[in-house]
Amino acid sequence: MVNKVTLTQFIIEQQRGLPDASGTFSMLLNNIVTACKEISHLVNRGNLVGVLGSAGSENVQGEVQKKLDIITNDIMVNALNWTGHLAGMASEEVDDIITIPAQYPKGKYLALFDPLDGSSNIDLNLAVGTIFSVLRCREGVDPAAEDFLRKGAEQVCAGFVLYGPSTMMVLTTGHGVNGFTLDQDIGEFILTHPNMRIPEESSEFAINMSNQRFWEPPVQRYIDECLQGEEGPRRKNFNMRWIASLVAEVYRILTRGGVFLYPFDLREPSKPGKLRILYEANPMAFIIEQAGGACSSGRERILDIKPTGIHQRVPLVLGSKNEVERIVAYHQLG
Ligand code: AFP
């Protein structure tokens, strides 16, 4: 493979730049990558192997689980629990934190993940993905839920895998954002999108318009001004996208800019948004900021929010910095 940098090589070369690195984190990352390769294979096979459709159960969020929600969760847990790198895990699909079985050693990291984001798309053959976040944990202890309730600014790594026409992994460890494409012939992720950056300006927004009557005034104002186009105060026309798969929306924004909104929803004030802070908003916020974008709840920087629950939801606005800052300014004006 002349001039092809594999993800394995990339991780090891990044580790060399950290003098006190033990290599544990690199091995953990490789375990996550292996799990995502297995998920990619299953998502690609779909009904050929009978993994589509509903599982006939609900998760802690009260959402109907797809078979693949459960299968992919098991793949992630079984790929990580034996490694000795983790003290515990948290998953969208599991009510409580996931402890490490007694027969395995514990490590110094916590892994948090949404094993299959966008799963309502899976039966439609549309893009889905896996989102993951890694935190350091107090060593040698059995973590409790509060060990996971850490600000997103404390993450040591965040990434997602988009199972689309290509299987793409996007990764940050706090030194920029890099994209890798899975070469199915050799089973390796290849560095294809080094140093991904988000344009500060954009004319594209992503929001589920069917919820418009439930938005707060600042979001109503922002979207209304976009819809007025060049005759309105923005003096330009906008395009809209809604894929109903956060990983796909974020990947599009990383490649051509834009802004994604899943805002506070007046329907159920107890559910301040749809997306969960620990394993969706925080990892995406880390990636977006590392790529030069911004990520807010509308009222505060996502990475500064102190979580209060494993499955806590937050309003989410992310993407091109100038658009996010405009939306935040509208919230400040009330
Ligand atoms: P599912 O995993 O239940 O499909 O939810 C996906 C998601 O959390 C996120 O990936 C999408 O951006 C958002 O929900 C779509 O929400 P709507 O279905 O309300 O449009």
Side-chain angles (χ1 to χ4, degrees), residues 39 42-43 46 51-73 75-76 90-95 112-133 158-164 168 170 204-215 219 223 240-254 258-268 271-285 287-288 293 295-298 302 310-319 324:
I39 293 171
L42 268 183
V43 165
V51 295
L52 300 188
S54 170
S57 54
E58 285 189 352
N59 64 17
V60 66
Q61 336 273 347
E63 297 160 338
V64 173
Q65 288 178 303
K66 299 287 187 183
K67 289 178 192 167
L68 266 177
D69 281 321
I70 296 170
I71 293 168
T72 55
N73 182 71
I75 289 172
M76 290 293 282
S91 168
E92 174 179 312
E93 300 307 329
V94 179
D95 299 4
L112 304 89
F113 46 83
D114 178 358
L116 199 69
D117 176 69
S119 55
S120 58
N121 282 336
I122 192 66
D123 298 340
L124 311 179
N125 196 29
L126 296 175
V128 292
T130 298
I131 308 171
F132 59 89
S133 169
F160 64 81
V161 180
L162 173 59
Y163 309 111
M168 294 282 313
V170 170
E204 188 164 71
F205 66 89
I207 196 166
N208 182 336
M209 288 297 290
S210 68
N211 299 326
Q212 184 174 24
R213 63 191 183 283
F214 302 119
W215 301 337
V219 175
I223 297 299
M240 193 196 108
R241 286 286 182 274
W242 190 249
I243 308 175
S245 180
L246 178 61
V247 288
E249 314 275 9
V250 170
Y251 185 74
R252 183 191 62 251
I253 288 170
L254 282 167
V259 64
F260 168 95
L261 304 90
Y262 212 109
F264 181 88
D265 189 317
L266 295 168
R267 263 175 296 193
E268 290 184 69
K271 268 172 59 175
K274 178 173 185 185
L275 296 160
R276 279 62 50 143
I277 186 166
L278 283 184
Y279 41 78
E280 291 172 324
N282 275 346
M284 291 313 199
I287 292 166
I288 290 289
C295 190
S296 171
S297 66
I302 288 289
I310 295 289
H311 302 292
Q312 178 190 347
R313 298 170 189 263
V314 286
L316 187 58
V317 178
L318 60 79
V324 174

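Each ligand, and each atom within it, is numbered from 1 in the order the structure gives.
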List every atom of ligand 1 that sits less than 4.0 Å from any heavy atom of [X], numbering the atoms from 1 in the order shown and giving each element.
X	result
S245	10 (O), 11 (C), 12 (O)
R276	8 (O)
F260	12 (O)
E280	8 (O)

Using a 4.0 Å heavy-atom threshold (strictly under), name the region of S119 that reaches ligand 1: side chain, backbone, both or neither.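 The answer is both, backbone and side chain.
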
Location of contacts on M209 toward ligand 1, heavy atoms closer than 4.0 Å: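 It is neither part, as no heavy atom is under 4.0 Å.
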
Rounded distance (nearest 0.5 Å) linking atom CG of N208 with atom CZ of F214: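 One gets 10.5 Å once the value is rounded to the nearest 0.5 Å.
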
Among E92, Q312, H311, find the one that has a side chain to side chain donor-acceptor pair (under 3.5 Å) with R276.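 By the side chain to side chain donor-acceptor pair (under 3.5 Å) criterion, R276 pairs with just one of E92, Q312, H311: E92.
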
Give me the nearest non-hydrogen protein atom to [atom] as residue plus atom name, then the distance to 0.1 Å.
atom	result
atom 8 (O) of ligand 1	L275 CD2, 3.3 Å
atom 10 (O) of ligand 1	L246 N, 2.7 Å
atom 19 (O) of ligand 1	Y262 OH, 2.6 Å
atom 4 (O) of ligand 1	S120 OG, 2.7 Å
atom 2 (O) of ligand 1	G118 N, 3.0 Å

Can you label the angle between the Y251 ring and the F160 ring as parallel, tilted or perpendicular, going by 30° and 60°?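 Rings of Y251 and F160: perpendicular, as their planes differ by over 60°.
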
Determine yes or no for a side-chain-to-main-chain donor-acceptor pair under 3.5 angstrom, with [X] supplying the side chain and [Y] the backbone.
X	Y	answer
S54	K66	no
E280	I131	no
N73	I70	no

Please name the residue in the list D117, V170, V247 that meets the side-chain contact (heavy atoms from CB on, under 4.5 Å) test with M284.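 Output: one option passes, namely V247.
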
Judged by non-hydrogen atoms, does E92 sit under 4.0 Å from ligand 1?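 Heavy atoms of E92 never come under 4.0 Å of ligand 1.
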
Would you say K274 contacts ligand 1, with heavy atoms under 4.0 Å as the rule?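 Yes, that is the case, since the closest heavy atom of the residue is under 4.0 Å from the ligand.
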
Hey, mind stepping through W242 and F260 against ring pair (Phe, Tyr, Trp, His ring centres under 6.0 Å) and telling me if it holds? CA-CA 9 Å; W242 190 249; F260 168 95; 5.3 Å; yes

Considering residues, nucleotides and ligands other than N125, do more than 12 of their heavy atoms fall under 6.0 Å from its CG?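 No, CG of N125 has 12 or fewer neighbouring heavy atoms, counting only those of other groups under 6.0 Å.
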
Close N or O approach (E63, ligand 1; < 3.5 Å):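 Looking only at distances, the answer is no, because the N/O contact criterion of under 3.5 Å is not met.
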
Polar contacts were defined as any N/O atom of the residue lying under 3.5 Å from an N/O atom of the ligand; does this apply to W242 and ligand 1?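 By distance alone, the answer is yes.
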
Any side-chain donor near an acceptor of the partner, N282 and S133, under 3.5 Å: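 No.
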
